Amino acid sequence: MHFRPVMENAEIAQALSEIAGLLELTGGNPFRARAYSRAAQIVDGLAEPIEAIWKRGELTDLPGIGERIAAHVGELIEKGTCAEREQLARKVPPGLPELLRIEGMGPKSVAAVWKSLGITQVDALEEACRSGTILEVPRMGRVRVKGLLEAIRRHRARRGRTPLYRALPAAETIIARLRKAPAVTAAEIAGSIRRRCETIGDIDLLVAATDPAPVTSAFTHMAEVAQIVAEGPTRSTVRLRSGLHADLRVVEPKSFGAALQYLTGSKAHSIALRKRGLRRGLKLSEYGVFDRRGRRKGGDTEEQMYRALGLPWIPPELREDRGEIEAAEHGGLPLLVEEKDVLGDLHVHSKASSDGHSTVEELADAARELGRRYLAITDHSRSRPLGLDAERLAQHVEHIRGLTSRDPVLLAGIEVDILPDGSLDLPVDALAPLQCVVASIHAHFNDPSPKMTERMVRAMRSGVVHVLGHPSGRQLGMRDPYAFDLARVLEIARETGVALEVNAQPERLDLSDQACRLAKAAGVPVVISSDAHHVSQLANLRYGVWVARRGWLEKGDVLNTLPLEALQARLRRKGPVIANGSARRPRRLGAASEATVS
DNA sequence: GCCGTTTTCGGCCCGACTGTTTTCAGTCG
């Protein structure tokens, strides 16, 4: 049977999460709801298709998944649904779970408006707010109603979360300003931005100051603030004119490390740390680590927090409770790839084809400024508007080769389309002389999974492809990944020596972090490429590095960390791939199985 | 529903802030 591993896990996680929501709404034991919620998070975080774990009968080895939930998962895999969910869904009107996603509406409030007013839809909730009938519900007052109307408006306006590249610059601007406020000793961006998540919910900021008042005031009086949502002595929230929410927490300097750890999250990571602390008689909070008698054992720095738990400092990108704590405990944390490790860029467009806006010379100059040692010029092939045919490609290559004495070294390449039948958009003999052939899918995204997978397999087996470009085709918030069998693609990539791209265009980030982890487990190396269409986009490479880091990748997993000669030797190679010299057996990577397999 | 280097039963992370209250429930992160 055909499956799409990453989606498959996400779908199962979604179903478990739905059950959790339904349980919250129907009352009963809230810990039961939490168990489902936690299980959903675990499944979502798996770096292996859950179907494979299920087939091995190892579901209950996963943390947070016992007999009962394992049975539900099995049922979901086999039938696509499960009785538990169906049964719960019958108790609750459709539409009710959506109300939970409105800010300020928790399970108690949703159940209250449902039971006392029969409200089950967002529209009806809005109407009840406007007419005032909602005031009959206990603990509903005029202020809340006003906030609720605003939250409903935001709920409707919000299509998914904000991509990192939109939130990061805003956060950087604000934090730079707060650093200059009076009495500030330290200031950092925290939350999902610090973890470099691909999308973020809101901006979390942390400041250490001897006097919180001036900082809070500076924050709430910024020009870009549209509304002050909450304001207290240590914590305040504003809505920016861009629509983003920004949270500021101000702590004493001695608590900065504890607060930074706490505010960076993820929530799941922090909970796991606190539980670990409890087992050792330690209480963790945003103020520090405390022993049973309440004596403070540290918290000035994040390192102290982790050390108190017997752990080394864990990079923020790994803090998702996906095995990093177990890995840290056993000295098995990856030495994550860094931006400075990446020596060159293997996917860049020039004016020679359709959509590039800079000349090859301009790109080379800008790449040199960024310290790149090599740069592959990979313009589009003929199927793209104004793309290169064999003749224009030859001229283009000649032009590039005429510039090879420049720094960085220029590689003549192409981004060739993978056509609907899996053949390439240019003859193999036109592609064979090129130093970097990136093959990508740009059309017919709706092919069924088997056909799409076969297109990629055929392209990889052409013998002339070095890199599979933006493998899933997704665009954040715009286009979902197309259906394909990632496990199969990884298998063939390994067989043919083709590297998978981590496309660093910030609205692509494709491969995703989770797919990077799967690639590593399958022994397939990646290249991190900017896919720049203008000199200003060459710097986007950092977004790709962050994805790779979130995917646990090390320098040795990324081919363009190699010096040019070694890179070219690797790109020529068509045998089975072994990551950067150190032989890596494919291995199983589960959410918390790192400790047991490494 | 899950879990155990205190436990197979009895717990389940912890604190800030708001609104609606007059001592606190609910939500959020």
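Atom set for the values below is all heavy atoms of this structure, side chains included, hydrogens, waters and symmetry mates excluded. Labels below follow one simple rule: chain letters A, B, ... track the order of the sequence lines, proteins then strands, and each chain is numbered from 1. Fair warning: this is a prediction, and the values are worked out from it, not measured in the lab.
Nucleotides B:dT20 and B:dT27, compared at atom C1', are 14 Å apart to the nearest Å. Distance noted for atom C1' between B:dT22 and B:dC28: 24 Å (whole Å). For the P atoms, the distance from B:dT21 to B:dG26 is 12 Å, rounded to whole Å. Between B:dG11 and B:dC17, the two P atoms lie 30 Å apart (nearest whole Å). Across the C1' atoms, B:dC2 and B:dT7 are found 14 Å apart, a figure rounded to whole Å. Between B:dC13 and B:dC3, the two P atoms lie 13 Å apart (nearest whole Å).
In summary, the side chains of A:Thr81 and A:Glu86 do present a donor paired with an acceptor at a separation below 3.5 Å, with no hydrogens or angles considered.
Atom CD1 in A:Ile271 sits about 15 Å away from atom P in B:dC3, given to the nearest Å. Between A:Arg279 atom CZ and B:dC3 atom C1' there is a gap of 10 Å when expressed in whole angstrom units. Regarding A:Leu100, its CG atom lies at a distance of 9 Å from the P atom of B:dT27, rounded to whole Å.
Taking the six-membered ring where the residue is Trp, A:Tyr165 and A:Tyr543 present perpendicular rings, their angle passing 60° and hence far from 30°.
For A:Arg274, counting side-chain heavy atoms from C-beta on, the closest listed nucleotide (B:dC24, B:dC17, B:dC13) is B:dC13. Here the side chain of A:Lys108 is nearest to one of B:dG15, B:dT27, B:dC12, namely B:dT27. Closest to the A:Arg235 side chain, of the nucleotides B:dC17, B:dT27, B:dC12, is B:dC17. Nearest nucleotide to the A:Asn29 side chain, out of B:dT27, B:dC12, B:dC17: B:dC12. Among B:dG29, B:dC12, B:dC13, the nucleotide with an atom closest to any side-chain atom of A:Leu278 is B:dC13. Ranking B:dT20, B:dC12, B:dC28 by closeness to the A:Glu103 side chain, first place goes to B:dC28. In this structure, the nucleotide among B:dT18, B:dC12, B:dG29 sitting nearest to the side chain of A:Ala230 is B:dT18. Comparing B:dC2, B:dT20, B:dC14 by their nearest atom to the side chain of A:Ser285 picks out B:dC14.
In this structure the side chain of A:Val547 reaches within 4.5 angstrom of the side chain of A:Cys516, judged on heavy atoms.
Residue A:Arg142 is in sugar-phosphate contact alone, with no base atom involved, counting any heavy-atom pair closer than 4.0 Å across all strands shown. Nucleic acid contact for A:Pro233: sugar-phosphate only, since backbone atoms but no base atoms lie under 4.0 Å from a heavy atom of the residue. Nucleic acid contact class of A:Leu263 (heavy atoms, under 4.0 Å, all strands): none. Here A:Arg144 lies in heavy-atom contact (under 4.0 Å) with sugar-phosphate atoms only. At the heavy-atom level, A:Pro107 lies under 4.0 Å from the strands shown only through sugar-phosphate atoms.
A sub-4.0 Å separation between OP1 or OP2 of B:dG15 and a side-chain N or O of A:Thr234 is absent. Phosphate proximity of B:dT27 to A:Ser109: present, with a side-chain N or O under 4.0 Å from OP1 or OP2. Contact annotation: A:Lys267 side-chain N/O to B:dG29 OP1/OP2 distance is not under 4.0 Å. Phosphate proximity of B:dC13 to A:Arg34: present, with a side-chain N or O under 4.0 Å from OP1 or OP2. The shortest distance between the side-chain N/O atoms of A:Lys283 and the OP1/OP2 oxygens of B:dG15 is below 4.0 Å.
Between the base of B:dG29 and the side chain of A:Tyr262 there is a donor-acceptor pair shorter than 3.5 Å.
Nucleotide B:dT8 has no partner under the Watson-Crick or G-U criteria, as no pair reaches both atom distances under 3.5 Å.
The residues A:Arg307 and A:Glu303 are annotated as not salt-bridged, no charged nitrogen and carboxylate oxygen being separated by less than 4.0 angstrom.
Nearest-nucleotide positions on DNA chain B for A:Arg139 and A:Ile65 put A:Ile65 closer to the 5' end.
In summary, of the residues considered (A:Arg474, A:Arg550, A:Arg508), a side chain to side chain donor-acceptor pair (under 3.5 Å) with A:Glu198 occurs for A:Arg474 alone.
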